[in-house]
There are 2 protein chains.
Amino acid sequence: MSTAEETDGDSTPWGEVTPEAARRLLVAAVEAFAERGYHATTTRDIAGRAGMSPAALYIHYKTKEELLHRISRIGHDRALLLLETAAGRDGTAAERLADAVRSFVSWHAERHTTARVVQYELEALGDEHRVEIVALRRRTDAVVRRIIGDGVRAGEFDVPDVPGTTLAVLSLCIDVARWFNAQGSRTPEEVGTLYADLVLRMVGARK
Amino acid sequence: MSTAEETDGDSTPWGEVTPEAARRLLVAAVEAFAERGYHATTTRDIAGRAGMSPAALYIHYKTKEELLHRISRIGHDRALLLLETAAGRDGTAAERLADAVRSFVSWHAERHTTARVVQYELEALGDEHRVEIVALRRRTDAVVRRIIGDGVRAGEFDVPDVPGTTLAVLSLCIDVARWFNAQGSRTPEEVGTLYADLVLRMVGARK
DNA sequence: CGCGAACCTGAGCAAGCGCTTAGAGCGCTC
DNA sequence: GAGCGCTCTAAGCGCTTGCTCAGGTTCGCG
């Protein structure tokens with residue numbers, strides 16, 4: 001944990017953001033956006049949380065919207081990586097689906113501050129940036145749809161409506177970011193396990 | 001449909017809001033809040049959509065936040081009424097749960113513009129108003145939990161974690177407001193039916 | 001030591017914000 | 001038909017917003 005730097009795990013969440021001042025600003029922005037929402041957050045608030053003057057923000061980022069885009073891009077990349085890793089492992093469709101849901105959901109719970117911004121501030125992005133992010137989300141959808149489709153073809157699952165069920169599964173997982181509370185009684189891993197079970201039921205996985 | 005006025009159904013969505021100018025403003029606010037979010041919406045935009053000057057808004061509402069509160073209050077009341085009606089009917093727990101989910105979800109799809117504001121702009125409310133709305137949401141949660149609990153006690157459902165499953169079911173239903181698109185390929189009723197089936201699977205209802 | 005690049009601040013600009021005020025128009029009653 | 005209450009508008013106030021810019025500090029490097 002101390003010497004790890006670019007191992008791409010979750011050890012240093014914003015390790016790819018340099019220099020350090022830019023990372024501090026970005027972390028401050030994540031907190032502020034998650035608490036109040038993008039539009040209700042001022043650049044003065046972000047700079048203040050990072051211990052800087054408002055003008056310092058514009059040395060590292062062209063606009064407030066660019067900050068949101070960086071957060072959204074990195075967050076989507078990480079979430080997609082989690083899903084694709086689980087989907088690519090060996091095992092039955094049920095095992096891969098459970099694994100994917102468990103890691104995707106526990107990430108949304110563990111890092112719910114980031115996830116809230118990533119999942120619910122999409123519409124504040126500018127047109128070009130939004131197009132880029134929407135493409136990532138389509139890949140996310142495709143990964144889940146593929147696992148469910150595999151399970152249906154293998155006779156493991158009973159799913160009358162694959163696209164609809166895919167949508168519902170992803171919607172269920174994403175919404176964890178909205179309600180999860182760190183002070184609550186469940187750990188991120190517990191929520192991940194619960195949700196993996198619920199999703200297996202949704203696709204009619206044989207026990 | 002033509003002569004119905006105060007029958008409390010969904011025939012005249014904002015029928016309880018009078019006078020007509022106040023209703024026009026409220027409908028305009030719902031559209032604007034749903035499209036851009038509360039904080040990104042200006043009072044000039046709301047008044048403009050209602051065909052009035054900005055000052056006209058303040059004859060009918062004390063502040064912009066009061067508008068949001070009225071929308072949120074009426075929307076929560078309606079959604080809660082749908083759930084309680086379904087929950088209070090005769091039938092097995094599975095029938096009541098399916099009924100509740102179907103009507104709750106198809107309302108969120110049909111009136112997704114309103115529902116988006118109601119469900120996702122909670123945090124923009126002032127402290128007192130938010131407390132009031134949160135109380136309504138707890139009642140919503142209690143209704144669903146009760147049906148699921150009934151089903152477990154009757155041996156109809158297999159649910160290891162009732163509070164967790166209740167949370168997941170409501171989360172799934174509510175999130176319909178976020179992704180539903182009127183131009184999409186599914187009707188609100190189709191989504192309601194699909195979701196009722198998925199929820200019955202989640203609670204392990206016997207076929 | 002001298003110099004340039006990188007980083008940051010204090011002050012502030014133009015624009016837009018929520019909301020207020022003075023008064024106009026209109027339909028109602030007595 | 002004068003007076004009154006209700007509804008609405010034009011104008012604008014005070015403030016905050018995202019963002020800029022000239023200048024200062026710090027640092028590595030010759």
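Order of the sequence lines sets the chain letters (A, B, ...), proteins ahead of strands, with each chain counted from 1.
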> Once rounded to the nearest 0.5 Å, what's the spacing between atom CD1 of B/Ile147 and atom CG of B/Leu97?
5.5 Å
> Which one, C/dT9, C/dT20, D/dG18, comes nearest to the side chain of B/Ala55?
C/dT20
> What is the distance from CD of A/Glu65 to C1' of D/dC19, rounded to the nearest Å?
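About 14 Å, once rounded to whole Å.
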> Under 4.0 Å: is that the gap between some side-chain N or O of A/Thr43 and OP1 or OP2 of D/dC19?
no
> Find the distance B/Tyr61:OH to D/dC8:C1' and express it as a whole number of Å.
15 Å
> Whole angstrom is fine here: how far is it from OH in B/Tyr38 over to C1' in C/dC17?
12 Å
> Do you know which of A/Val199, A/Asp99, A/Leu170, A/Val176 makes side-chain contact (heavy atoms from CB on, under 4.5 Å) with A/Phe104?
A/Leu170
> Nearest of C/dT20, D/dT20, C/dC19 to any side-chain atom of B/Thr63?
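Taking heavy atoms from C-beta onward, the closest nucleotide is C/dC19.
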> Can you tell me the distance, in whole Å, between the OH atom of A/Tyr58 and the P atom of C/dA11?
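One finds 19 Å between P of C/dA11 and OH of A/Tyr58, rounded.
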> Can you figure out which of C/dT20, D/dT7, C/dC8 approaches the side chain of A/Ile59 most closely?
C/dC8
> Record whether the side chain of B/Arg44 comes under 3.5 Å of the base of C/dG16 through a donor-acceptor pair of N or O atoms.
no
> Between P on C/dG18 and NZ on B/Lys64, what's the gap in Å once rounded to a whole number?
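So the two atoms are 4 Å apart, to the nearest Å.
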> Would you indicate which nucleotide in D/dG18, D/dC8, C/dG10 comes nearest to any side-chain atom of B/Ala56?
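Taking heavy atoms from C-beta onward, the closest nucleotide is D/dC8.
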> Expressed as a whole number of angstroms, how long is the span from A/His60:NE2 to C/dA6:C1'?
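My rounded result for the distance is 9 Å.
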> Between C1' on C/dG18 and CG on B/Leu68, what's the gap in Å once rounded to a whole number?
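Taking CG of B/Leu68 and C1' of C/dG18, I get 15 Å after rounding.
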> Charged N to carboxylate O below 4.0 Å: is that the case for B/Asp90 and B/Arg96?
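Salt bridge flag = no for B/Arg96 with B/Asp90.
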> Mind checking if A/Ser53 touches a base, just sugar-phosphate, or nothing, with heavy atoms under 4.0 Å?
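Since a base atom lies under 4.0 Å of A/Ser53, the category is base.
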> Nearest to the side chain of A/Thr42, which nucleotide is it out of C/dC19, D/dT17, D/dC8?
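Nearest listed nucleotide: D/dT17.
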> Is a salt bridge present between A/Glu84 and A/Arg139, judged by a nitrogen-to-oxygen distance below 4.0 Å?
yes
> Measure from CG on B/Leu25 to P on D/dT7 and round the result to the nearest Å.
12 Å
> Consider side chain to side chain donor-acceptor pair (under 3.5 Å). Of B/Arg137, B/Arg138, B/Arg145, which one does B/Asp141 pass it with?
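For B/Asp141, the side chain to side chain donor-acceptor pair (under 3.5 Å) test succeeds with only one of B/Arg137, B/Arg138, B/Arg145, which is B/Arg145.
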